[in-house]
Each structure stands twice: as structure tokens, then as C-alpha cells.
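Numbering of ligands and ligand atoms starts at 1, following listing order. Keep in mind that what you see is a predicted model, and the values were worked out from it rather than measured.
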Amino acid sequence: MPRPYFYVTTPIYYVNDQPHIGHAYTTILADVLARYHRALGEAVFFLTGVDEHGQKVQQAAEKRGVAPQAHCDEYALRFSRLWERLEIQYDDFLRTTQPRHINVVRAVLQRLYDQGDIYPADYAGWYSVAEERFITETEKDSGAFRDVRQLTERNWFFRMGKYQEQLIKYIEARADFIQPDSRRNEILGFLRQPLGDLCISRPKERLNWGIELPFAPEYVTYVWFDALLNYVTGPGYIADDRRFGQWWPASVHLIGKDILTTHSVYWSTMLFALGLPLPTTIFAHGWWLTGESKMSKSLGNVVNPLDLVDQYGVDPVRYYLTREMILGQDANFTLESFIKRFNSDLANDFGNLLNRVSGLIGKNFNGLVPASGELSEADQEIKAAADGLAQKVADAVAGFRIHEAIDETMLLVRLINRYVEKQAPWKVAKEDLTRAGTILYIATEGLRIAAFYLLPVMPQKANQVLEVLGAVGSAGEWGLLKPGTKLAAHEALFPRLEIAI
Ligand code: MSP
């Protein structure tokens with residue numbers, strides 16, 4: 001049985017950077033999933049936040065000549081403000097400098113230390129300054145890491161290697177734990193080599209922007225060990241057992257494929273050590289690329305989501321990002337494909353359907369939703385498609401195939417457009433007004449249901465459609481559109497973009 005609650009997380013973003021489309025994507029995706037699950041009647045907890053400790057943030061603050069905390073305060077706001085603009089309905093925004101989180105990190109460190117899972121040792125190895133972690137010989141040779149140097153240091157280690165067998169068995173027994181499948185295989189492949197222990201401290205002389213180890217005050221906690229714990233701080237680990245019991249384990253950690261190992265291996269073994277259940281799913285999505293390369297600040301090829309939203313509105317951006325990327329694969333961001341989707345899906349299909357039905361109802365029925373008479377075969381077909389949508393959307397959402405949930409809904413929209421063309425209610429109205437009324441009822445009710453299932457993706461525009469139809473707050477079942485409802489006046493939903501690329 002699926003659980004009646006849904007706890008979804010995004011990665012917590014580093015505050016060393018302006019948020020870009022890549023960050024916006026994961027957060028929009030989480031929001032769309034959260035909204036779908038709320039619409040399915042589940043209790044939802046949606047956690048996002050920012051990752052404020054560590055070398056990257058310390059360096060970013062130094063570069064700007066401000067104290068790290070002041071830097072974090074400023075940058076955390078950039079994220080939360082962007083989420084507001086993007087209509088992100090999170091339940092909690094966690095900052096790792098908050099006392100509630102520091103308390104959890106310190107309590108966990110103390111507990112693992114007391115139970116013998118954390119020990120001191122000298123460590124010599126290759127260290128990637130850019131990645132802020134020691135890397136293996138193979139990783140060094142791959143050439144994928146920048147700023148690599150030899151480093152010997154006395155540090156504190158988490159006995160991660162001890163949990164290797166347990167982790168392999170765990171992953172092998174569960175097909176849905178690491179998704180998609182290719183990522184699961186990648187991690188199982190990674191776990192074929194012996195798993196070392198994890199260095200979880202940084203001497204303060206090298207880095208002091210972090211959470212002090214409770215048993216060794218000359219050290220701060222490695223930023224990943226600190227950051228991953230956000231997922232349990234959010235729902236109240238240690239602080240509120242009842243609330244924590246209600247939400248943990250998380251239903252899904254949404255992440256980009258760049259942080260798969262830290263989540264699948266570091267985090268899972270930390271949870272084993274704490275005796276906590278693992279999240280049901282870790283889902284790694286692909287990258288937004290510009291041309292062949294990952295969009296990232298260091299490559300200078302980022303798209304600023306605010307510019308896009310200012311120019312085209314929030315809903316088209318949410319729609320494009322979630323419809324265009326097949327979850328799990330990489331996708332290319334181009335303005336050309338954005339405009340194409342806007343014009344074909346939003347202007348021609350969805351916006352046009354609203355214009356048509358409201359225009360025809362205006363002209364032939366004084367703007368009042370007509371009653372539906374007996375249904376013809378063609379009418380039944382639309383009703384059946386609309387009735388079948390709920391299950392299709394629910395299946396797609398449960399399988400993290402958001403693009404498919406959207407596509408199924410847009411298929412209904414296109415089906416209705418073809419139906420209206422074929423039935424030609426503007427002609428029928430001249431001879432048989434009752435029949436024309438039935439056609440328009442069917443088309444409008446189908447549109448209402450499509451709008452309902454597009455609400456998670458386009459909370460503003462889909463709701464605007466429901467406002468026009470006097471159906472805000474209605475559900476996804478057939479027949480809820482009330483005959484006699486006065487349609488509200490409206491502008492074109494998505495005026496076509498006449499932009500030559
Ligand atoms: N702070 C860590 C995460 C800690 S989670 C306990 C971190 N932060 S980050 O700011 O670098 O953001 C990483 C996340 O942003 C990626 O995992 C991914 O979800 C998203 N993206 C960043 N660039 C991206 C693309 N170009 N494309 C898609 N998503 C990308 O890592």
C-alpha cells in the first residue's frame with residue numbers, strides 16, 4: 001500500500017552562487033510533485049533550503065570581503081525570493097547555520113563517536129579543493145577534478161566501510177531505492193571496490209566556517225556530513241519525536257546526478273549507523289545543458305531563471321522545464337525550444353481551447369455554460385479520455401514520469417480541440433442549439449479537467465482557466481462543471497510569441 005503521506009526534499013543549495021536554471025529545476029520539480037501529491041489527497045511535507053558551511057561558502061564570503069554569516073544571510077534570501085517568484089510552495093526552508101540544525105549535527109556526531117563509529121587517524125591523500133573532499137587515485141587519474149593536491153592531516157573518520165556489505169544488499173533488494181536504474185547500476189558498480197572510511201572533519205586552521213566537533217573543538221565538520229543531516233533536521237529529528245515519526249523516512253530525495261554518491265553511499269551509511277530507516281527513493285535527474293556542457297557558474301553559461309520569468313511569466317517556465325526534460329536524462333536548454341513549446345502547447349493547444357469554448361459559449365449561450373443532453377459516441381470518447389486521465393496521471397507521478405503526466409493531460413487538450421473542429425458547434429448551433437450546447441459542455445468540462453491536472457505545473461494559468469469556468473477548487477471527476485455558470489471575461493491565456501530565432 002502506498003503511504004498516505006509524501007515527504008519530498010531538494011538538495012540544499014550552496015550559497016556561493018546565484019541560483020540558476022539548474023537549481024530552479026530541481027526545486028520546481030519537487031514543487032510539482034508535492035502539488036500532485038497534495039491533489040491526490042496525501043499529507044505532504046516539502047523541505048528545501050541552503051547549504052551554508054564549508055570552504056566554497058567561506059571563500060565566496062572572503063572574496064566579497066564580508067563575514068560568512070552576513071554573506072549567507074544575503075544569499076539565502078536570493079534563493080527564498082526566487083522560490084517565491086517561481087510559486088514554490090515549500091513547507092520548510094532550512095539553513096544549516098540555524099541552531100536547530102547545528103544541534104542535530106552535534107548530537108549525531110557525539111552519538112556516533114560514543115558508539116565507536118568515529119575515530120581519529122592520520123590521512124594522506126589526494127584532495128580536490130574544488131570538490132572539498134579527498135578523492136581516490138582513480139578519481140584523480142580521471143582528470144575530472146580540478147585543483148588536486150597531496151595533503152596529510154590528522155582527522156576524524158566515520159566508519160563508512162563497515163556498512164559496505166549491508167548497503168550492497170540493501171540496494172540489491174530494492175529496485176526503487178536508487179532511480180533511475182542506470183544510476184542504481186552506477187552505484188552498485190562503485191560499491192564493487194572496497195569502500196573506505198569517510199573523513200568527516202576539517203582542522204580549523206584550514207577551514208573554520210563549520211560546525212565544531214563536540215569531542216574535538218579544534219575541528220569543524222565536513223560540509224557534506226553536516227548538509228546531508230538537513231533531511232532529518234527538517235522533520236524534527238531529536239527535537240520532536242512525534243513529528244519526526246510522522247515524516248521519516250522521506251519518500252524521495254530529488255537530486256542532480258552530480259551528487260549521487262554522497263546521497264546513496266555517505267547518507268545511507270550514516271543512516272545505518274544511526275539505526276534510522278533509509279529514504280524510500282533517491283531520484284537523480286540529469287543536467288540542463290547549454291550546448292554540450294553542463295550549465296554551471298564556472299563555465300559562464302548559466303541561464304538566469306528570473307530573466308525568463310520576467311519576460312515570459314512563471315507558468316511557461318515551469319511548464320517548459322518539467323515537460324521538456326525526461327526525468328533521468330539530460331536536456332538541452334535553448335530559447336528556440338522554449339518558444340516552440342510555448343507556441344505549440346500553451347498558445348495553440350491550451351490557450352486556444354479556452355478561447356474557443358468561451359467565445360462560442362459567449363456567442364451562442366450568452367456566456368452561460370450550456371446543459372449537456374444525450375451523449376453521442378464522439379462525446380463519450382472525450383468523457384472516457386477525461387475519466388481515464390486521473391489514473392494515468394497518478395501512475396506517471398508515482399513513477400516520477402512528470403513529463404508523461406503533463407503529456408497525457410495535453411493529449412486530452414488536443415483531443416478536445418480535434419473534437420471541437422469535427423463537431424463544428426458553430427454550425428450545429430444554427431439548426432440545433434441543444435446539440436451545440438452538449439458539444440460545448442463536453443469540450444468545456446474536458447478543458448476544466450485538463451486545467452485541474454495542470455494546476456501543479458502551472459498554478460497561475462491553470463487556475464485562471466478554472467476562474468473563467470467558475471470552477472476554482474473543483475476536483476478531477478467528470479460532471480462537476482455546472483450548467484448555467486456565467487463564464488468570466490478573460491484575456492488570451494498565452495499570446496503567441498512572435499520571436500524570430
Ligand atoms: N550543497 C550541495 C547539496 C547538498 S544536499 C545535502 C550542492 N549544492 S549545489 O548548489 O551545487 O546544487 C546542486 C544541485 O543543483 C544539483 O544536485 C542539481 O539538483 C541542481 N543543479 C545544479 N546545476 C544543474 C544543472 N546544470 N542541471 C540540472 N540540475 C543542476 O551540491
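Between Pro249 and Leu278, the shortest heavy-atom contact is CB-O, 3.3 Å.
Note that the CZ atom of Arg323 and the CD atom of Glu404 stand 10.0 Å from one another [nearest 0.5 Å]. Here the CH2 atom belonging to Trp209 is positioned 14.5 Å from the CD atom belonging to Gln55, to the nearest 0.5 angstrom.
Contacts between Asp258 and ligand 1, counted as non-hydrogen atom pairs separated by less than 4.0 Å, involve the side chain only.
Below 4.0 Å from some heavy atom of Ala227 lie the following atoms of ligand 1, by number and element: 6 (C). Short contacts between ligand 1 and Gly256, defined as distances under 4.0 Å to a heavy atom of the residue, involve ligand atoms 16 (C), 17 (O), 18 (C), 19 (O). Below 4.0 Å from some heavy atom of Asp51 lie the following atoms of ligand 1, by number and element: 1 (N), 2 (C), 4 (C). With ligand atoms numbered from 1 in the order given, ligand 1 contributes 18 (C), 19 (O), 20 (C) to contacts under 4.0 Å with heavy atoms of Thr26. Heavy-atom contacts of His23 reach the following atoms of ligand 1: 10 (O), 12 (O), 15 (O), 22 (C) (cutoff under 4.0 Å). Close approach to His20 involves these atoms of ligand 1, each under 4.0 Å from a residue heavy atom: 22 (C), 23 (N), 24 (C). Near His285, with a cut-off below 4.0 Å to any heavy atom, the atoms of ligand 1 are 19 (O), 28 (C), 29 (N).
In this structure, Lys257 has no heavy atom closer than 4.0 Å to ligand 1. Assignment of Tyr231 to the shell around ligand 1 is supported, since a heavy atom sits closer than 4.0 Å.
Remark: Arg206 is positioned above the aromatic ring of Tyr127, its terminal NZ or CZ atom under 6.0 angstrom from the ring centre and at most 45 degrees off the axis.
Here's the thing with Tyr25: none of its N/O atoms is less than 3.5 angstrom from an N/O atom of ligand 1. Ligand 1 has an N or O atom lying under 3.5 Å from an N or O atom of Tyr14, backbone or side chain. Considering backbone and side-chain N/O atoms, Gly286 never comes within less than 3.5 Å of an N/O atom of ligand 1.
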Walk me through it: do Tyr231 and His263 pass the test ring pair (Phe, Tyr, Trp, His ring centres under 6.0 Å)?
CA-CA 11 Å; Tyr231 298 132; His263 281 77; 5.5 Å; yes

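Salt bridge status for Lys392 with Asp407: absent, with no side-chain N to carboxylate O gap under 4.0 Å. Salt bridge Arg183/Glu186: present, at least one basic N to carboxylate O contact under 4.0 Å. Look at Arg95 and Asp73 and you find a salt bridge, because one of the NZ, NE, NH1 or NH2 atoms lies within 4.0 Å of a carboxylate O, short of that distance.
One side chain, His101 or Asp226, offers a donor N or O that lies under 3.5 Å from an acceptor on the other.
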